[in-house]
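Following: one structure in structure tokens, then a few remarks.
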Amino acid sequence: MEGPPEPQTPDGSSPSLLSEIERDLLDDVPISTVLRKLIILGGYAGASELRDWASHELQGYIGIPDDQMPKYRIVPAIIQLDAVVPQGTIRHQTIGVHDLPEGFRDEISDDVHFRQGVGELEAMVITHDDTKTIKMMLPAAMILAKVIDHESGRRDQKVTSIYWSVSTASVTGILDQVRTRMAQMLGELRAVTPAGAALPAPADASRAVSIVIHGKNNRVNFAQATDGGVASTGEDSEPEGRFWTAGRRIGAIAVGVATIVATVIGWLQLQAAG
């Protein structure tokens, strides 16, 4: 016996877009494809919130204030650096926010905001699948590295890179959260779409986005960076005692830098005097 007929579009010419998107999710169609269909669905339904959310997931959240970012796109990470010292090369040395120059501490945290579109996030996972970690450069990383070298008081030391280290599992978790929220939104839309109708009412579509993206679901525990995200293997790894003992630890920086600007100016003046 055949199942019930598919809901039709207003002109009755084809299965509803809502049903098509549901099938795509069940068939594990690429996230970007489903998001594009959600944009179209949002247009037909007159739901600007749905269009905006799907567009941001596709194109990224560049320029969006931190407090308006979806919580699932903010993941914990560890701060690491690479450096060259007389004893050799230091790779993937973990430091804390409190080890940074004072003027930088209020601007940098242990959380990373992933603003990239889903296509770029998927590429990150594929590209870094072997190492299982992704490097995200800290703000003003080159200036920060020079300030750390200067404040350490060691002329034979050079920080070559400073970055967040994030496990690929955390980024995979973001993508899974996007797919899950699409399923939740479709569940909400299906629940309020009358039987036989192709589209939900605009107010109902907007409410679905509010419930899933901005509502109670923000209490979900999102993907966490794990210890496996620390890239510290092979001969490049350095025992903590060699470089990070008293008087040599890069993170042991003199206090007294009020702002990033003041720090950079002081460093430049020192260079000019030399």
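Quick caveat, the model's predicted, so the values are computed rather than measured.
The main-chain N or O of H92 is found under 3.5 Å from a side-chain atom of D82 such that the two form a donor-acceptor pair. In this structure a side-chain-to-backbone donor-acceptor pair under 3.5 Å is present from R105 to L100. D129 places no side-chain N or O within 3.5 Å of a backbone atom of I126 that could act as its donor or acceptor partner. Proximity of a side-chain donor or acceptor of S152 to a complementary backbone N or O of D149 within less than 3.5 Å is detected.
Hydrophobic clustering, with ILVMFWY side chains joined whenever heavy atoms are under 4.5 angstrom apart, keeps V192 apart from V212. I213 and I64 fall within the same hydrophobic cluster, defined by Ile, Leu, Val, Met, Phe, Trp and Tyr side-chain heavy atoms under 4.5 Å apart, directly or through other members. The same ILVMFWY cluster, assembled from side-chain heavy atoms under 4.5 Å apart, contains both L38 and I40.
Put simply, the side chain of Y163 does not reach to within 4.5 Å of the side chain of I134, judged on heavy atoms. The shortest distance between side-chain heavy atoms of I174 and Q177 does not fall below 4.5 Å. A heavy-atom distance below 4.5 Å is found between the side chains of E120 and M124. Side-chain contact between V85 and D156 is absent, with no heavy-atom pair separated by less than 4.5 Å. Counting only heavy atoms from C-beta outward, the side chains of D52 and V209 never approach each other to under 4.5 Å. Put simply, the side chain of I21 reaches to within 4.5 Å of the side chain of L17, judged on heavy atoms. Between L58 and V118, the closest side-chain pair of non-hydrogen atoms falls below 4.5 Å.
D111 and I74 make their closest contact through CB-CG2, 3.9 Å (heavy atoms, listed as atom of the first residue, atom of the second, distance). Taking each heavy atom of A45 and P200 in turn, the nearest pair found is CB-O, 4.0 Å. Across every non-hydrogen atom of T94 and I78, the tightest pair is OG1-CD1, 4.1 Å. Of all non-hydrogen atoms in R115 and R73, the two that sit nearest each other are C-NH1, 3.8 Å. Counting all heavy atoms, side chain and backbone alike, A54 lies closest to I39 at CB-CG1, 3.6 Å. Between S109 and I79, the closest heavy-atom pair is O-CD1, 4.1 Å.
Partners of D67 according to the side-chain hydrogen bond (donor to acceptor under 3.5 Å, both in side chains) rule, which considers only residues two or more places apart in sequence or in another chain, do not exist here.
Contact check on D176 versus R179 returns no salt bridge, with no Lys/Arg side-chain nitrogen under 4.0 Å from an Asp/Glu carboxylate oxygen.
Once rounded to the nearest 0.5 Å, the distance linking OG of S32 with CD of E57 reads 12.0 Å. The structure places CD1 of I90 at 14.0 Å from OG of S161, a figure rounded to the nearest 0.5 Å. Distance check: L81 CG to R91 CZ gives 11.5 Å after rounding to the nearest 0.5 Å. With rounding to the nearest 0.5 Å, the separation of CG in L199 from OG1 in T193 is 7.5 Å. Rounding to the nearest 0.5 angstrom, the gap separating the CG atom in D66 from the NE2 atom in H113 is 4.0 Å. Here the straight-line distance linking atom NE2 of H128 with atom OG1 of T133 works out to 7.0 Å at 0.5 Å rounding.
Annotation for Y61: atom OH counts as buried by contact number, over 12 foreign heavy atoms lying within 6.0 Å.
Checking L35, V29, D28 one by one against I31, the side chain to side chain contact (heavy atoms under 4.5 Å, CB included) holds for a single residue, L35. No option in Q80, M136, M137 other than M136 meets the side chain to side chain contact (heavy atoms under 4.5 Å, CB included) test with W164.
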Taking it one step at a time, do W53 and M182 satisfy side chain to side chain contact (heavy atoms under 4.5 Å, CB included)?
CA-CA 10 Å; W53 176 77; M182 288 192 292; 3.6 Å; yes
